[in-house]
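Reviewing the structure listed below.
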There are 2 protein chains.
Amino acid sequence: MQCDLIIIHEEAVEEVRQAMPEADQIERMAGLLKAFSDPTRLKILEALRQRELCVCDLAVIIEASQSSVSHQLAGLKAQQLVKFRKEGKVVYYSLDDDHVADILDRALEHIRHAE
Amino acid sequence: MQCDLIIIHEEAVEEVRQAMPEADQIERMAGLLKAFSDPTRLKILEALRQRELCVCDLAVIIEASQSSVSHQLAGLKAQQLVKFRKEGKVVYYSLDDDHVADILDRALEHIRHAE
DNA sequence: TGAATATATGAACACACAATCATATGAAGG
DNA sequence: CCTTCATATGATTGTGTGTTCATATATTCA
């Protein structure tokens, strides 16, 4: 390996470098998209896409433990992907952002496009 | 915990259950979106978004080792997110799907929307 | 054929993370 | 108050994964 020093296409490198997003933004994008990278979280998001749901219903629908769902919801909340409202003991979660549904749509398109 | 048995909102559960994507599709979506969940891979995708690039240039641009970039490219290729063409010793990679750019756009929007 | 170079790949290691279990919090009802 | 119930949270653990290092592959050129 020696191309660390001898850059093969210098203008290409320079050009692309300047158009790259800030490192900070990349990190935050990765953090956000990581929220979509797990089946349990994806199921939660797909379910909430239909309608507002409480933790217990979510657990039943996606067939996961209450604890697991609760933990994952905490993560999704941290990424501002879901919001909630309390009604007595019950906590209702819903999607917090339209981009969520958009991203899910694109992902599904890609999946289906690859037959 | 007892709501495994006593479903709180029975019709909600039934309704959402039927609208849920197949488990298989969820798995594949998660696999796809996992490709976006790492800063190194995100940088690669953002760079390739500008233009076709060889492995060596990519490594320089995103400041990662050649080996690391090569490994990650293999993963992206497996998800059919990038394609490549060979020209002598040099391998040029480029994005393989328009959905990729779309997903990146949505993610960036979300990030910026959260100030 | 042999040296140089661009990329790929395998093994190993350190670290992140999802699930579980146990327990805490907090609200409603008796 | 005390119990019940819905949800949250902390600790633990096993698994997955990104990086590195070393080496393999493959192509060009002398």
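Chain identifiers are assigned alphabetically (A, B, ...) following the order of the sequence lines, protein sequences preceding nucleic acid strands; residue numbering begins at 1 within each chain.
With rounding to whole Å, Glu87(A) atom CD is found 15 Å from dC5(D) atom C1'. Between Leu33(B) atom CG and dT17(D) atom P there is a gap of 14 Å when expressed in whole angstrom units. As rounded to whole Å, 17 Å separates atom P of dG18(D) from atom CD of Gln66(B). A straight line from CD of Gln72(A) to C1' of dA19(C) spans 9 Å, rounded to a whole angstrom. Between the P atom of dT7(C) and the CG atom of Leu76(B) lies a distance of 16 Å, rounded to the nearest Å. Protein atom CZ of Phe84(A) is 15 Å distant from nucleotide atom C1' of dA27(C), rounded to whole Å. When the P atom of dT7(C) is taken as reference, atom NE2 of His9(A) falls 9 Å away, rounded to whole Å. In this structure, the CG atom of Leu42(A) is 12 Å from the P atom of dA18(C), given to the nearest Å.
Remark: Arg41(B) is not in phosphate contact with dT17(D), judged by side-chain N or O atoms under 4.0 Å from OP1 or OP2. Contact check, Ser65(A) against dA19(C): no side-chain N or O comes under 4.0 Å of OP1 or OP2. Remark: Ser68(A) is not in phosphate contact with dA18(C), judged by side-chain N or O atoms under 4.0 Å from OP1 or OP2. OP1 or OP2 of dA6(D) has not a single side-chain nitrogen or oxygen of Lys86(A) nearer than 4.0 Å.
Counting only distance, with no hydrogens or angles, the side chain of Ser37(B) and the backbone of Lys34(B) share a donor-acceptor pair below 3.5 Å. Of the possible polar contacts, one joining the Arg41(B) side chain to the Ala35(B) backbone as a donor-acceptor pair under 3.5 Å is found. With hydrogens and angles disregarded, a donor-acceptor distance shorter than 3.5 Å links the side chain of His110(B) to the backbone of Gln79(A). Between the side chain of His9(B) and the main chain of Cys54(A), no donor-acceptor pair closer than 3.5 Å is present.
A distance of 9.0 Å separates CD of Glu27(A) from CG of Leu42(B), quoted to the nearest 0.5 Å. The line from CG of Asp105(B) to NE2 of His99(A) is 10.5 Å long, rounded to the nearest 0.5 Å.
More than 12 heavy atoms of other residues, nucleotides or ligands sit less than 6.0 Å from atom CD of Glu11(A).
Comparing Gly88(A) and Lys34(A), the nucleotide of DNA chain C nearest to each residue sits closer to the 5' end for Lys34(A).
Side-chain proximity of His71(B) to dT7(C), dA8(D), dA11(C): nearest is dA11(C).
The stretch residues 89-97 of chain A touches DNA chain D through Lys89(A), Val90(A), Val91(A), Tyr93(A), each having a heavy atom under 4.0 angstrom from the strand.
One cannot find a donor-acceptor pair under 3.5 Å joining the base of dT7(D) and the side-chain atoms of Ser67(A).
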